[in-house]
Protein chains: 2
Amino acid sequence: MAAGRGVTSARVAAELRSRIERGELLPEDRLPSERELSESLHTTRVTSREALKQLEAEGLIYRSNRRGWFVTSQRINYNPSRAAFFMDYVADQGLVPFSRQLLKKRIVADDRLASMLEVSVKAPLVELQRLRGANGRPAYIETIYLPEGRLPGIYECDLERSVSAVMLGDYDQQYAVVELDITVGALSAGQAALLDAPPGYTCLCVRRVVRNAAGEVVEYDLEHWRHDSLNIQVRLDNS
Amino acid sequence: MAAGRGVTSARVAAELRSRIERGELLPEDRLPSERELSESLHTTRVTSREALKQLEAEGLIYRSNRRGWFVTSQRINYNPSRAAFFMDYVADQGLVPFSRQLLKKRIVADDRLASMLEVSVKAPLVELQRLRGANGRPAYIETIYLPEGRLPGIYECDLERSVSAVMLGDYDQQYAVVELDITVGALSAGQAALLDAPPGYTCLCVRRVVRNAAGEVVEYDLEHWRHDSLNIQVRLDNS
DNA sequence: TTAAATATCTGGTATATACCAGAAAAAGAT
DNA sequence: ATCTTTTTCTGGTATATACCAGATATTTAA
């Protein structure tokens with residue numbers, strides 16, 4: 001270890017943390033390169049990286065491809081009960097949202113999807129995939145499955161913007177019940193590439209099953225969020 | 001890199017993952033030591049550790065202090081709306097729950113707590129802290145704040161087992177509204193030690209604000225969960 | 001038989017170094 | 001000015017090695 005007592009990587013992390021908290025480094029600022037850091041703090045790149053990964057886990061910084069390390073900014077507050085639409089509630093938080101459709105196709109339910117959507121195997125489904133984020137930074141990948149049997153003609157609708165809007169407007173389907181399932185996981189290589197994250201990056205997996213007033217499943221979502229971009233807020237009313 | 005193409009650490013991770021998925025390594029089994037692994041898979045400890053950390057992030061394995069790496073077992077399903085009590089719902093999942101009180105004392109609200117609990121600064125509070133887990137493995141640390149003004153005599157109650165039970169029974173306080181706030185974070189050194197995790201270990205932070213029928217805050221919780229031990233399940237009823 | 005001392009095994013941290021691949025900047029050609 | 005090529009800078013991965021500290025197993029002493 002170099003100058004200073006205790007664990008070197010913790011010392012480096014503390015130094016950077018204090019620069020961020022003091023406002024010396026502002027959101028979206030680039031940190032010194034790993035080589036510069038290592039030299040100025042009298043340690044090696046391996047140890048500096050240990051410290052950077054620590055701050056990354058804390059959600060204070062992120063890395064972009066091979067461009068460098070940056071200070072994170074404000075997280076997206078997300079309410080999965082979804083009274084509001086993504087583009088709206090993100091804008092309301094003072095951020096600039098974007099949404100890009102990656103995929104839209106008809107498929108048939110396999111065993112897993114059939115059981116999640118409570119349809120028979122081989123039932124027709126619409127699969128949607130989109131990448132969403134704010135302020136130019138990707139935040140999550142969403143895969144949506146819609147049962148075509150319960151939403152006839154849904155494939156022809158414009159689902160680019162908001163599925164919820166179409167559901168409410170054209171199908172008059174109220175979101176009566178939303179079942180949430182939230183777990184911490186890791187991004188696959190493909191997901192990571194889309195989210196500008198290293199493979200295996202820690203993510204929050206949110207599974208949503210939406211039922212209409214009749215108790216039928218009308219939507220099944222799989223969301224993979226960058227852990228540093230999300231804050232989930234839910235309000236449960238037991239009245 | 002050694003034998004095989006591509007990224008070595010990914011190759012090691014894939015090998016171990018397959019052993020786990022094939023059932024060659026069962027839950028709670030110890031993995032070969034890092035030195036053994038490195039030798040048998042023709043790489044170095046640094047690279048093996050990279051792979052192990054990857055599987056740790058995926059929630060497939062965990063490390064216990066300096067005893068080794070182990071295969072994780074079944075996660076705890078947690079419903080923060082909390083109709084059920086920890087000791088009950090964990091037992092219902094076929095696990096053996098435990099709960100250890102770490103702290104119980106009277107404090108006065110500082111600025112942050114006052115605003116969270118909607119009481120005046122210096123209002124009397126009861127602070128509780130407990131460590132909970134299942135099958136001998138710690139899963140989370142919970143810090144509870146109770147406003148003594150709204151729950152007179154609460155300090156004298158037996159809160160070891162369940163705060164909810166006391167609330168419902170002795171105070172007739174229904175949980176009318178629960179506000180949840182869920183974020184991914186990192187454990188402090190102290191928390192990590194209690195949860196048998198390395199410092200900075202990825203955790204799920206769950207903040208709960210509980211209101212009674214009158215809309216008053218009667219409980220504020222701060223939970224820090226090991227990311228590998230938790231699966232949150234919430235049901236939202238928009239009726 | 002029990003308790004204390006010791007050796008060994010485990011992961012945790014650190015140094016020094018090397019090469020690769022993608023991104024960005026600089027230099028050159030049109 | 002604009003496009004193309006080259007160089008440089010960045011993080012990503014990997015090797016080899018060393019020593020530390022806690023947990024465990026073994027040995028030794030009472």
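Everything numeric in this text was worked out from a predicted model, so none of it was measured. These values consider heavy atoms only, across backbone and side chains, with no hydrogens, waters or symmetry-generated copies. Within every chain, numbering begins at 1; the chains are lettered A, B, ... in the order of the sequence lines, protein sequences first and strands thereafter.
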Engineer: Is the A:Tyr62 ring parallel, tilted or perpendicular to the A:Phe70 ring (thresholds 30°, 60°)?
Structural biologist: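 Judged by the thresholds at 30° and 60°, the geometry between A:Tyr62 and A:Phe70 is parallel.
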Engineer: When the distance from CZ of B:Arg66 to P of D:dA25 is rounded to whole Å, what number comes out?
Structural biologist: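 Answer to the nearest Å: 17 Å.
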Engineer: I need the CG-P distance between A:Leu41 and C:dT15, as an integer number of Å.
Structural biologist: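 A:Leu41 atom CG is separated from C:dT15 atom P by 11 Å.
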Engineer: Is A:Ser64 close enough to D:dG11 that one of its side-chain N or O atoms is under 4.0 Å from OP1 or OP2 there?
Structural biologist: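 Negative; the distance criterion is not met.
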Engineer: May I have the distance from A:Arg67 (atom CZ) to D:dT10 (atom P), rounded to whole angstrom?
Structural biologist: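 Nearest whole value for this atom pair: 13 Å.
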Engineer: For the side chain of B:Asn65, counting heavy atoms from C-beta on, which of D:dG11, D:dA23, C:dG11 is nearest?
Structural biologist: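 Within the option list, the nearest is D:dA23.
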Engineer: For A:Tyr201 and A:Asp228, test the side chains for any donor-to-acceptor distance below 3.5 angstrom and give the result as yes or no.
Structural biologist: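 Result is yes, a qualifying pair exists.
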Engineer: OP1 or OP2 of C:dT13 less than 4.0 angstrom from a side-chain nitrogen or oxygen of A:Thr47, does that happen here?
Structural biologist: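 Indeed not, no polar side-chain atom of A:Thr47 lies that close.
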Engineer: Tell me: NZ of A:Lys53 to C1' of C:dG12, nearest whole Å?
Structural biologist: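 Atom-to-atom, A:Lys53 to C:dG12, this comes out as 14 Å.
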Engineer: Between B:Phe70 (CZ) and D:dA23 (P), how many Å, whole number?
Structural biologist: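 My rounded result for the distance is 12 Å.
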Engineer: Within the pair A:Thr44 and C:dT17, is there a side-chain N or O less than 4.0 Å away from OP1 or OP2?
Structural biologist: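 No, A:Thr44 has no side-chain N/O under 4.0 Å of OP1/OP2 on C:dT17.
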Engineer: Flag yes if more than 12 heavy atoms outside A:Arg30 fall under 6.0 Å of its CZ atom; otherwise flag no.
Structural biologist: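 For A:Arg30, atom CZ is crowded (more than 12 foreign heavy atoms under 6.0 Å).
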Engineer: Taking the inter-plane angle between the rings of B:Phe86 and B:Tyr140 on a 0 to 90° scale, is it parallel (under 30°), tilted (30 to 60°) or perpendicular (over 60°)?
Structural biologist: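 Taking B:Tyr140 first and then B:Phe86, their aromatic rings stand perpendicular (interplane angle over 60°).
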Engineer: Provide, to the nearest angstrom, the distance between the CD atom belonging to B:Glu50 and the P atom belonging to C:dG11.
Structural biologist: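 Rounded to whole Å, this separation is 16 Å.
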Engineer: For A:Leu37 and D:dC9, give me the distance from atom CG to atom P, rounded to whole Å.
Structural biologist: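 That distance rounds to 17 Å.
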Engineer: Would you say B:Ser188 and B:Gln191 are linked by a side-chain donor-acceptor pair, where the criterion is simply a distance under 3.5 Å?
Structural biologist: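 Side-chain D/A pair, B:Gln191 to B:Ser188: present.
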Engineer: Which part of the nucleic acid, if any, lies within reach of A:Ser9 when heavy atoms closer than 4.0 Å are counted: base, sugar-phosphate only, or nothing?
Structural biologist: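 Since only primed, P, OP1 and OP2 atoms lie under 4.0 Å of A:Ser9, the category is sugar-phosphate.
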Engineer: Between B:Arg30 and C:dT10, does any side-chain N or O lie under 4.0 Å from OP1 or OP2?
Structural biologist: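 Indeed, a polar side-chain atom of B:Arg30 lies that close.
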Engineer: Starting the side chain at C-beta, find the nucleotide from C:dG11, D:dT10, C:dT17 nearest to A:Val46.
Structural biologist: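 Shortest atom-to-atom distance from the side chain points to C:dT17.
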Engineer: For the pair made of CD in B:Glu39 and C1' in C:dC9, what is the distance, rounded to whole Å?
Structural biologist: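 Rounded to whole Å, this separation is 15 Å.
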Engineer: Let's see if you can work this out: which of C:dT15, C:dC19, C:dG11 has an atom nearest to the side-chain heavy atoms of A:Arg45?
Structural biologist: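 Nucleotide nearest to A:Arg45's side chain: C:dC19.
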Engineer: Taking for each residue the nucleotide of DNA chain D bearing the nearest heavy atom, is the 5' side occupied by B:Arg35 or by B:Ala10?
Structural biologist: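 Closer to the 5' end of DNA chain D: B:Ala10.
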Engineer: Should the side chain of B:Arg63 and the base of C:dG12 be counted as holding a donor-acceptor pair, with the cut-off at 3.5 Å?
Structural biologist: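 Side chain to base: no pair below 3.5 Å.
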